[in-house]
Participant: 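Let me begin by handing over the structure; questions about it come next.
Numbers here simply count residues along the sequence, with the first being 1. The figures that follow rest on heavy atoms only: side chains count, while hydrogens, waters and symmetry mates do not.
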Amino acid sequence: MDPISTLITVAVSILAALLALFAASQAHDSIFFIHMLVFALAFGLMALTLVRKCNFAGGDGRSVAAEDTYCDTIVRYGVIAIAFWGVVGFAVGVLIAFQLAFPNLNFDLPWTNFGRLRPLHTSAVIFAFGGNALIATSFYIVQRTCRVRLSLEPLAWFVFWGYQLFIVLAATGYVLGATQGKEYAEPEWYVDLWLTVVWVAYLLVFLVTLMRRKEPHIYVANWFLLAFIVTVALLHVVNGLAVPVSLYSSTSYAAFSGVQSALVQWWYAHNAVGFFLTAGFLGMMYYFIPKQANRPVYSYRLSIVHFWAIIFLYMWAGPHHLHYTALPDWAQTLGMVFSVMLWMPSWGGMINGLMTLSGAWDKLRTDPILRFFVASVAFYGMATFEGPLMSIKAVNGLSHYTDWTIGHVHSGALGWNALITFGALYFLTPKLWGAKQMYSNRLINWHFWIAMLGICIYAASMWVSGITQGLMWREYNAEGFLVYSFAETVLILHPFYVLRAVGGLLFLFGALLMVYNMWKTIRGEREVDQPISQVITVGA
């Protein structure tokens, strides 16, 4: 930025820090007080950083970054953030999995119990790990597919650091006990407002970059990414509507109540899965698989049909989370019908991703990064078959409120979202730091198979556990009384809870191998790998 723009930004940052300090002095509770101090510290550091970096002495205004074709520094920061938050989220997930298997691990401290750590885990893996993956890769993809440098770079940096601030505020709020009690939407009102500001800035950066493109057509990955950004904004604003008790309190009351609140919540939550965890990551799929396989997208026409079908159908599927509740029966049936219809476009995307490898399937034997991408698309296909199946009322009567749902969610989240993100990190790291390839292909292979083993143990144990739960809960004797108490179901499921924790531990270990591999690659080191053709000997 030029000196005048920097001075204005510094002045605004200092003013924001002072306002945050004033709000902290008026706080009605300790959580609001702590969060206002975090805001003040963040804005103060922002002002200090801008002052130190600005060249007030003048000059030709050129910088090293300005000479680059693309703005990749922010993507590098994003890659590091993805890996960091991923390990944090997986580690917390392993901890709470062991807490469910061994309740004594909850300890006596309130901020270490399952009730507070569970939303910390879900937000860390979805919004911290997954959100940073979407922001960083979207900034990388939009520049390459539009052949233009990222627009509004200072605003893009605000998006990155503002999003990290949102993560810190949300995480500390969960641990301290501040929550709205909404699935995937726990942060309180002022954190929601801050995320709204950051998200509008994100939309502006992405949209202006698209408008300044040098390519005549918008590549399909950008369609999915833009839809994800716009729709998540809509979902977040409507579901987050609330009235605070005071402008200086962390407590608020939701604008909706009763069955309306439930409907809005699951309209938001299911579409958060549909657009945050599906549409955005499909944008990643449509870029990274063709690049890694060095093949064009199998069918561009199918990708457009896939896009519009998903965009239209997903918005109506949320009510399938409310079967057998006070929601009107017609609304439940509507959600079920649209959920079943979603199976077709979802598998259209899966087929398009897998068929992109036509003529290049042999690369799977030697390219472990491509293996991550292909496995992720396979899990996407499996999860998008299982989801519509579980939305059918007869099946839902068995599966809902059981561990089957947990197995379904994690087979999708770990198998689809995490694996494609790992592949993207392995793709991006050498390119962003000027290396020919990752430090060790051997470690990538180890990571892949350890992660796959962890996912299979986790999902399979939860599938068996969930079906067992459902069958035990609906077992009646000849007199019409329940055969099993809830405590009896918990006791019989203990081995499956231990297996889940072991599966999560394996998945975490694989992620740590990836972080080590990334660190070595960034440092410019290279392990001497023995070619696979020399490892596999025939008739030896």
Participant: Can you check whether Tyr484's main-chain N or O pairs, donor with acceptor, with Glu475's side chain at less than 3.5 Å?
Facilitator: no
Participant: Less than 6.0 Å separating the ring centroids of Phe90 and Phe507?
Facilitator: yes
Participant: Does some side-chain heavy atom of Ile218 sit less than 4.5 Å from a side-chain heavy atom of Leu226?
Facilitator: no
Participant: Do Tyr219 and Tyr287 make the cut of ring centroids closer than 6.0 angstrom?
Facilitator: no
Participant: Looking only at the aromatic ring of each residue, does the gap between the centers of His408 and Phe385 stay below 6.0 angstrom?
Facilitator: no
Participant: Say you draw a straight line from CD1 of Ile289 to CZ of Phe372; how long is it, rounded to the nearest 0.5 Å?
Facilitator: 13.5 Å
Participant: More than 12 heavy atoms of other residues, nucleotides or ligands under 6.0 Å from CH2 of Trp361: is that the case?
Facilitator: yes
Participant: With a sphere of 6.0 Å drawn around CH2 of Trp446, does it hold more than 12 non-hydrogen atoms of other residues, nucleotides or ligands?
Facilitator: no
Participant: Between Met438 and Ile444, does a side-chain contact (heavy atoms from CB on, under 4.5 Å) hold up when you go through it step by step?
Facilitator: CA-CA 9 Å; Met438 290 295 298; Ile444 301 176; 3.8 Å; yes
Participant: What's the shortest heavy-atom distance between Pro187 and Asp192, and which atoms?
Facilitator: O-OD2, 3.4 Å
Participant: What heavy-atom pair brings Phe496 and Ser465 nearest, and what distance separates the two atoms?
Facilitator: CB-CB, 3.8 Å
Participant: Look at atom CG of Leu234 and say whether more than 12 heavy atoms of other residues, nucleotides or ligands are closer to it than 6.0 Å.
Facilitator: yes
Participant: Do the ring centers of Tyr516 and His447 come within less than 6.0 Å of each other?
Facilitator: no
Participant: Taking the ring of Phe228 and the ring of Trp199, is the distance between their centroids below 6.0 Å?
Facilitator: yes
Participant: Please give me the minimum heavy-atom distance between Thr356 and Val297, naming the atom from each residue.
Facilitator: OG1-CA, 3.8 Å
Participant: Are there more than 12 heavy atoms of other residues, nucleotides or ligands under 6.0 Å from atom CH2 of Trp194?
Facilitator: yes
Participant: Looking at the rings of Phe422 and Phe448, which for Trp means the six-membered one, are their centres under 6.0 Å apart?
Facilitator: no
Participant: Crowded around Lys393 NZ? As in, over 12 foreign heavy atoms under 6.0 Å?
Facilitator: yes
Participant: Nearest heavy-atom pair of Gly412 and Ala383: which atoms, and what distance?
Facilitator: CA-CB, 4.0 Å
Participant: Pairing donors with acceptors under 3.5 angstrom, does anything connect the side chains of Tyr202 and Ser138?
Facilitator: yes
Participant: Going from CD1 on Ile31 to OH on Tyr190, what distance comes out if it is rounded to the nearest 0.5 angstrom?
Facilitator: 6.5 Å
Participant: Does the side chain of Tyr324 come under 3.5 Å of the side chain of Asn396 through a donor N or O and an acceptor N or O?
Facilitator: no
Participant: Kindly write out the residues that satisfy side-chain contact (heavy atoms from CB on, under 4.5 Å) with His320, not counting sequence neighbours, or none if the list is empty.
Facilitator: His270, Ala317, His323, Ser339, Ser391
Participant: Of all the heavy-atom pairs spanning Phe379 and Ser411, show the shortest one and how long it is.
Facilitator: CD2-O, 3.5 Å
Participant: Using distance alone, with no hydrogens and no angle criterion, decide if Tyr286 and Ser303 have a side-chain donor and acceptor under 3.5 Å apart.
Facilitator: no
Participant: Which atoms form the tightest heavy-atom contact between Ser461 and Leu499, and what is the distance?
Facilitator: CB-CB, 3.8 Å
Participant: We want to know whether Gln99 and Asn113 form a side-chain donor-acceptor pair, criterion being a heavy-atom distance below 3.5 angstrom.
Facilitator: no
